[in-house]
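Just so it is clear: chains get the letters A, B, ... in the order the sequence lines come, proteins before strands, and each one is counted from 1. Because the structure is a prediction, the values reported are computed rather than measured.
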Amino acid sequence: MSSSDQHSSIDFIRAKIIADLESQKFGKRVHTRFPPEPNGHLHIGHAKSICLNFGIAREFGGLCNLRLDDTNPTKENMEYVTSIQEDLQWLGFDWDDRLFYASDYFEQLYQYAVMLIQKGKAYVDSLTAEEIRLYRGTLTEPGRESPHRKRTIEENLALFSRMRAREYENGVHVLRAKIDMASPNINLRDPALYRIRHATHYRTGEAWCVYPTYDFAHPLSDSLEGITHSLCTLEFEDHRPLYDWVLRECEVSCHSQQIEFARLNLGHTVMSKRKLLQLVEEGHVKGWDDPRLPTLKGLRRRGYTPEAIRNFCERVGVAKRDSVIEMALLEHAIREDLNRSASRVMAVLHPLKVIIENYPVGQIEELEAVNNPEDPSEGKRRISFCREIYIEQEDFREDPPKKFFRLSPGQEVRLRYAYIIRCVGFEKDPQTGEVMALRCTFDPDTKSGKTQSSRKVKGTLHWVSAQHAIPAEVRLYEALLTQSNPGSGGELQDLQMLLNPHSLTVLSGCKVEPDLSKATPGSRFQFERQGYFCLDPDSTQDKLVFNRTVPLRDSWAKIEKE
RNA sequence: UGGGGGAUCGUCUAGCGGUAGGACGCCAGAUUCUGGAUCUGGCUGCCCAGGUUCGAUCCCUGGUCCCCCAGCCA
């Protein structure tokens with residue numbers, strides 16, 4: 001056991017599992033599952049569930065299945081299945097040979113339904129959807145029994161069989177559980193078990209025209225797979241009596257324990273499939289992998305590591321209260337990871353030319369730079385220095401405010417890994433007032449590494465050689481939404497109004513170290529003093545494109561704000 | 001005004017009758033050739049009102065507020 005292990009106290013789910021283990025409720029087994037519906041891409045909310053389910057299986061020496069919960073042919077497709085598997089693998093989880101599909105259980109599920117009919121626990125209803133809704137009652141009034149509720153077992157068997165035999169159009173019949181139309185729990189007012197859907201299922205094709213509902217398929221799928229603990233989100237809490245009813249009435253041998261926890265909400269973004277889809281389809285973002293999205297594909301493209309995401313999910317904890325996690329925690333997780341692992345390079349986002357007047361024209365020096373001060377094994381590299389360089393525009397102020405430790409007329413700074421320079425003049429565009437270039441002098445005695453430089457300067461600037469640097473595009477990202485908690489409701493218009501107009505800023509005239517031309521898409525770097533960036537797949541031979549994953553913490557920005 | 005859940009620092013999360021702890025964040029300092037990282041120190045909290053108890057975040061009673069449920073979605 002490493003000493004760095006933080007014994008995070010056990011959450012209520014793990015406590016329950018431990019209790020079940022002690023009581024031998026499922027013997028010594030712990031078997032979980034991650035059951036996404038293949039109708040959307042995975043996001044960080046799913047990551048929490050994934051880390052929980054796979055994490056628990058690993059911790060208790062159990063197993064975790066991947067199950068595609070594909071009981072609705074009108075919404076699901078194979079592309080999502082593939083995407084889900086990719087994302088899961090990228091996140092670092094492995095389901096070995098335990099890849100399952102609810103659709104593989106259709107025949108068994110159908111037989112269970114027949115069994116319920118035979119027990120008089122299910123019946124075919126022929127009311128319209130609208131009528132069923134009316135008969136259901138309201139939150140405060142009990143429902144009424146359907147006139148078809150008294151059909152005989154034989155009638156129901158025949159009808160259900162003919163439903164399967166494609167004799168009816170969509171919606172003319174539905175198989176319902178016979179429970180209690182007066183139950184205060186609306187989910188128990190004879191919920192639908194099977195509906196007719198003449199649609200091509202992406203896996204079973206035309207084999208079926210009746211499909212089980214979630215409430216019927218899910219508990220039985222869990223049971224069929226021998227799942228001991230079926231973890232789901234809070235909104236299913238009042239489905240649990242139904243979950244248990246199905247397993248009891250179907251007389252299964254493995255009665256899985258459903259446990260509910262609060263879903264993950266992240267500030268300044270949205271997590272619902274519906275809203276994510278809306279953002280993509282209406283073109284507010286460029287696709288499912290847009291770096292502004294909380295999708296796994298978006299985070300990956302943004303530069304997030306699986307490690308950071310897993311860490312984040314652990315820190316977030318598991319509980320039953322609704323919560324909204326601050327983006328700062330996610331950012332902390334990725335900074336923590338990248339600080340250890342990302343190679344440092346110098347890149348200038350808003351270039352300002354600096355001419356070092358006393359540096360010989362045409363002279364080029366090779367300076368030594370550390371690749372990663374957090375990891376000496378990453379070694380060193382050579383960077384070129386010459387008479388003309390670029391620094392960041394914001395690193396010069398004609399009239400410096402207090403505590404501005406950068407360049408201003410007459411002031412000195414160190415150029416990282418190079419010399420101390422002093423600003424002796426600057427050129428301004430007479431029209432715009434924009435500073436066009438700086439004139440500086442350097443002190444040859446202050447070369448980096450030469451310790452005799454007794455002089456201390458308050459600031460160190462990053463820079464690139466004007467002659468050697470290569471151009472790049474840099475994409476800066478900020479929060480997608482202006483509001484920290486957009487809430488769970490909200491329609492199209494509301495979401496649009498919350499969009500942050502500055503969520504993406506494209507910088508096209510950036511200058512970066514020439515070695516970056518050898519980087520491969522997805523590789524991550526720290527641009528010194530600025531943040532963590534990763535090379536975007538949009539990059540081409542002659543145009544590098546970087547995404548800013550997250551800026552470095554910036555205490556100067558805080559000071560200046562005052 | 002039916003049923004099911006939930007309320008602890010700004011944000012998350014521990015606590016299970018005995019000094020309210022951790023993380024993120026924030027503030028201050030040290031250090032630093034990244035205003036980064038690191039290291040110190042500090043900050044703010046038990047929804048309310050009664051009750052039981054020597055002692056209550058915890059147990060009881062009564063409130064208040066928030067979330068979920070009336071799909072043939074999951």
Complementary nucleotide of [N], counting Watson-Crick and G-U pairs under 3.5 Å:
N     : value
B:U32 : none
B:C16 : none
B:C47 : B:G63

Within the 4.0 Å heavy-atom criterion, would you say [X] contacts the bases, only the backbone, or no part of the nucleic acid?
X      : answer
A:L188 : nothing
A:P373 : base
A:H332 : sugar-phosphate
A:Y417 : base
A:L330 : nothing
A:R189 : nothing
A:I559 : base
A:H239 : base
A:E528 : base
A:R176 : nothing
A:Y194 : nothing

Discussion item. Taking 5.5 Å and 30° as the limits, would you call A:Y214 and the base of B:A74 a stacked pair?
Written reply: no
Look at [X] and [N] and indicate whether a side-chain polar atom (N or O) is within less than 4.0 Å of OP1 or OP2.
X      : N     : result
A:K558 : B:C26 : yes
A:R136 : B:C72 : yes
A:R321 : B:U8  : yes
A:R195 : B:A74 : yes
A:T71  : B:A74 : yes
A:R553 : B:A37 : yes

Discussion item. Taking donor-acceptor contacts at under 3.5 Å, does the side chain of A:E326 reach the base of B:G10?
Written reply: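 Indeed there is one.
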When you get a sec, tell me which of [options] is the closest nucleotide to the side chain of [X]?
X      : options             : value
A:D322 : B:G10, B:C69, B:C67 : B:C67
A:R416 : B:A37, B:A70, B:U34 : B:U34
A:A328 : B:G25, B:A74, B:G36 : B:G25
A:L329 : B:C72, B:G35, B:A23 : B:A23
A:S555 : B:C69, B:G4, B:G35  : B:G35
A:D11  : B:C72, B:U34, B:A14 : B:A14
A:A319 : B:G5, B:G2, B:U13   : B:U13

Discussion item. If I pick the C1' atom on B:C9 and the same atom on B:A14, what distance separates them, to the nearest angstrom?
Written reply: 13 Å
Item to complete: With C1' as the reference atom in both, quote the distance from B:G45 to B:G25 in angstrom, rounded to an integer.
Response: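 After rounding to an integer number of Å, I get 15 Å for this pair.
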Discussion item. Out of the candidates A:K178, A:R136, A:R149, only one should pair with A:D190 under the salt bridge (Lys or Arg N to Asp or Glu O under 4.0 Å) rule; please name it.
Written reply: A:R149
Item to complete: Measure the CG-CD1 distance between A:L68 and A:I84 for me, rounded to the nearest 0.5 Å.
Response: 5.5 Å
Worksheet, complete the sentence: When rounded to the nearest 0.5 Å, the distance separating NZ of A:K75 from NE2 of A:H201 is 13.0 Å
Worksheet item: Looking at the angle O4'-C1'-N9-C4 for a purine or O4'-C1'-N1-C2 for a pyrimidine, is B:G21 syn or anti, with syn meaning within 90° of 0?
Response: anti
